[in-house]
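Here's the structure we're looking at; comments come further down.
Just so it is clear, the structure is predicted and the values come from calculations on it, not from any experiment. When a residue number appears, it is its place in the shown sequence, counting from 1.
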Amino acid sequence: MPAPDLSRRRILQLAAAGLGAGWLPVTFGQDKSAGRTVITRRLPDGHDLPAIGMGTWITFNVGSDPEARAGRTQVLRTFLEAGGALVDSSPMYGSAESVIGHALSEIGGDPSVFAASKVWTPDRDATAEQVAQSERRWGLERMDLMQVHNLVAWEAHLKHLLEMREEGRLRYVGITTSHGRRHADIERIMHDWPIDFVQASYSLANREAENRLLPLAEERGIAFIANRPFQGGRLIDRVKRHPFPVWAREAGLANWADFLLKFLIAHPAVTCAIPATSRVEHMRENMTALRGPLPDEALRRRMVEHVQEL
């Protein structure tokens, strides 16, 4: 299946921005708990998005357990009150989407969530059905971002998602990969298809994305979501066994989560990093990365060298 004509890219972006499609303007970037401006990144159509999001893999797959759902509601509430917006999920994540929907219903009001999920099915004709399923589970009329999960049946799904975006049924369209797989395929799609987002693994200890994906995202104006920023918890568990360096605190970094996340969002091509947690106290640590100074290149090199020595 040939890629859509790239001359349509601006038309599709205008549809994604909501011009003539019934979308309301989006405003993100305020820490509701203190009224402070948070770090944002510009999206392809000109909207700004807070640079720290929230993943839900494993952490929100808690089924119908009332106590667990109440705990995840508090995690999501903490995230949103600290100025976060992008919540990323997938039908692959068990009950996570339904748990998000329950939490949003419990929080109520207008939480200004940026809803990002995925199409994950080998059925090439089930794209719209899976989007509708996510909308029902989240309790939303329309999703902000739908991504083809790990490139499963990607050509057919991507074609359908782009058509839905043009019709105003989606705001943005993207693709994802995890664990560093299929970067060559990701690059080819970034070159040839008018996508808005790409999501791939990127952490201080796994910087493969810096070689090709991040420069290409910057060149093509594609937003980049860094998944697995703590390597599934292994990286942050490792660094937390060591004292937080004095020089890092003097540079304005607050804790190890701040350290690892600020390293990522300081890269000019990174739009958002999406750590996942099931604990409110860890969410508060993560969200410190939405405020304060970002490391320059010299400091980022020192951060890499320090972690490599641990």
Side-chain angles (χ1 to χ4, degrees), residues 1-6 8-24 26 43-45 47 49 53 55-57 60-61 85-102 104-105 113-178 182 185-186 188-190 192-199 222-223 225 227 274:
M1 180 183 299
D5 185 346
L6 287 178
R8 297 171 61 212
R9 181 176 180 83
R10 183 55 182 162
I11 297 173
L12 296 176
Q13 286 181 344
L14 291 174
L19 301 182
W23 288 100
L24 295 176
V26 180
L43 295 180
D45 63 16
H47 289 113
L49 185 73
T56 58
W57 179 58
F60 270 59
N61 182 20
L86 190 152
V87 178
D88 179 81
S89 196
S90 171
M92 181 188 182
Y93 301 167
S95 63
E97 288 191 297
S98 296
V99 173
I100 293 168
H102 171 81
L104 289 173
S105 176
V113 66
F114 183 102
S117 196
K118 305 178 184 78
V119 174
W120 183 68
T121 172
D123 185 347
R124 298 171 184 272
D125 297 320
T127 315
E129 177 184 337
Q130 195 146 87
V131 172
Q133 174 183 272
S134 291
E135 290 167 345
R136 289 193 302 271
R137 289 176 173 176
W138 288 61
L140 300 174
E141 291 185 5
R142 285 181 285 191
M143 303 297 292
D144 290 291
L145 167 64
M146 288 300 293
Q147 306 153 97
V148 181
H149 195 156
N150 282 338
L151 301 187
V152 174
W154 70 266
E155 286 191 77
H157 290 316
L158 195 53
K159 177 179 180 294
H160 293 153
L161 290 175
L162 289 170
E163 290 171 352
M164 293 178 72
R165 185 183 69 178
E166 187 172 12
E167 295 164 0
R169 297 163 65 190
L170 295 171
R171 194 184 297 273
Y172 305 109
V173 170
I175 54 174
T176 81
T177 186
S178 58
R182 301 189 69 177
D185 292 331
I186 291 286
R188 187 159 51 250
I189 296 167
M190 291 170 71
D192 296 343
W193 290 71
I195 60 173
D196 304 299
F197 276 79
V198 62
Q199 181 181 148
I222 298 171
I225 299 174
N227 65 35
I274 52 169

Please name all residues satisfying side-chain hydrogen bond (donor to acceptor under 3.5 Å, both in side chains) with [X], sequence neighbours left out, ordered by chain then number.
X	value
His102	none
Arg188	Asp185
Asp125	none

Mind checking the [atom1]-[atom2] spacing from [X] to [Y]? Nearest 0.5 Å is all I need.
X	Y	atom1	atom2	value
Tyr93	Asn61	OH	CG	11.0 Å
Met146	Ser90	CE	OG	8.0 Å
Ile186	Thr176	CD1	OG1	7.0 Å
Ser117	Asp144	OG	CG	11.5 Å
Arg182	Thr177	CZ	OG1	7.5 Å

message: I want to check something: taking the side chain as every heavy atom from C-beta on, are Gln147 and Leu161 in contact at a cut-off of under 4.5 Å?
response: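 Heavy-atom side-chain distance check fails, nothing below 4.5 Å.
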- prompt: Quick one: are Met143 and Leu170 in side-chain contact, heavy atoms under 4.5 Å?
  reply: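 Touching, per the 4.5 Å side-chain cut-off.
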Salt bridge Glu163-Lys159, side-chain N to carboxylate O under 4.0 Å: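 A salt bridge links Glu163 with Lys159.
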Heavy-atom closest contact ([X] atom, [Y] atom, distance):
X	Y	value
Gly174	Leu158	O-CD1, 4.4 Å
Ala115	Leu140	CB-CD1, 3.4 Å
Leu49	Ala85	CD1-CB, 4.3 Å
His157	Thr121	NE2-O, 2.8 Å
Glu155	Trp193	O-CH2, 4.2 Å
Ala128	Arg169	CB-NH2, 4.0 Å

message: Quick one: does any side-chain atom of Asn150 pair with a main-chain N or O of Trp120 as donor and acceptor, under 3.5 Å?
response: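 No.
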query: Taking the side chain from His149 and the backbone from Pro91, do they hold a donor-acceptor pair closer than 3.5 Å?
result: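 It does not hold such a pair.
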message: Out of the candidates Ile274, Val87, Asp88, only one should pair with Thr56 under the side-chain contact (heavy atoms from CB on, under 4.5 Å) rule; please name it.
response: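 Going through the options one by one, the only one that passes is Val87.
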message: Against Val119, only a single residue in Gln130, His160, Glu129 fulfils side-chain contact (heavy atoms from CB on, under 4.5 Å); can you say which?
response: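 It is Gln130; the other options fail the test.
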Worked verdict on Asp196 versus Leu43 for side-chain contact (heavy atoms from CB on, under 4.5 Å): CA-CA 8 Å; Asp196 304 299; Leu43 295 180; over 6 Å; no
query: Will you find, in the side chains of Ser89 and Glu97, an N or O donor that is under 3.5 Å from an N or O acceptor?
result: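 Per modelled atom types, Ser89 and Glu97 side chains form no pair under 3.5 Å.
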- request: Determine the interplanar angle of the Phe197 and Phe114 rings, folded into 0 to 90°, and report it as parallel if under 30°, tilted if 30 to 60°, perpendicular if over 60°.
  value: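 Rings of Phe197 and Phe114: tilted, 30 to 60°.
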task: For Met190 and Ile195, run side-chain contact (heavy atoms from CB on, under 4.5 Å): C-alpha distance rounded to whole Å, both residues' side-chain angles, the deciding distance at 0.1 Å, then the answer.
output: CA-CA 7 Å; Met190 291 170 71; Ile195 60 173; 4.1 Å; yes
message: If you apply the rule side-chain contact (heavy atoms from CB on, under 4.5 Å), what do you find for Trp154 with Ile175, and how did you get there?
response: CA-CA 8 Å; Trp154 70 266; Ile175 54 174; 5.6 Å; no
query: Hey, mind stepping through Arg142 and Glu135 against side-chain contact (heavy atoms from CB on, under 4.5 Å) and telling me if it holds?
result: CA-CA 6 Å; Arg142 285 181 285 191; Glu135 290 167 345; 4.2 Å; yes
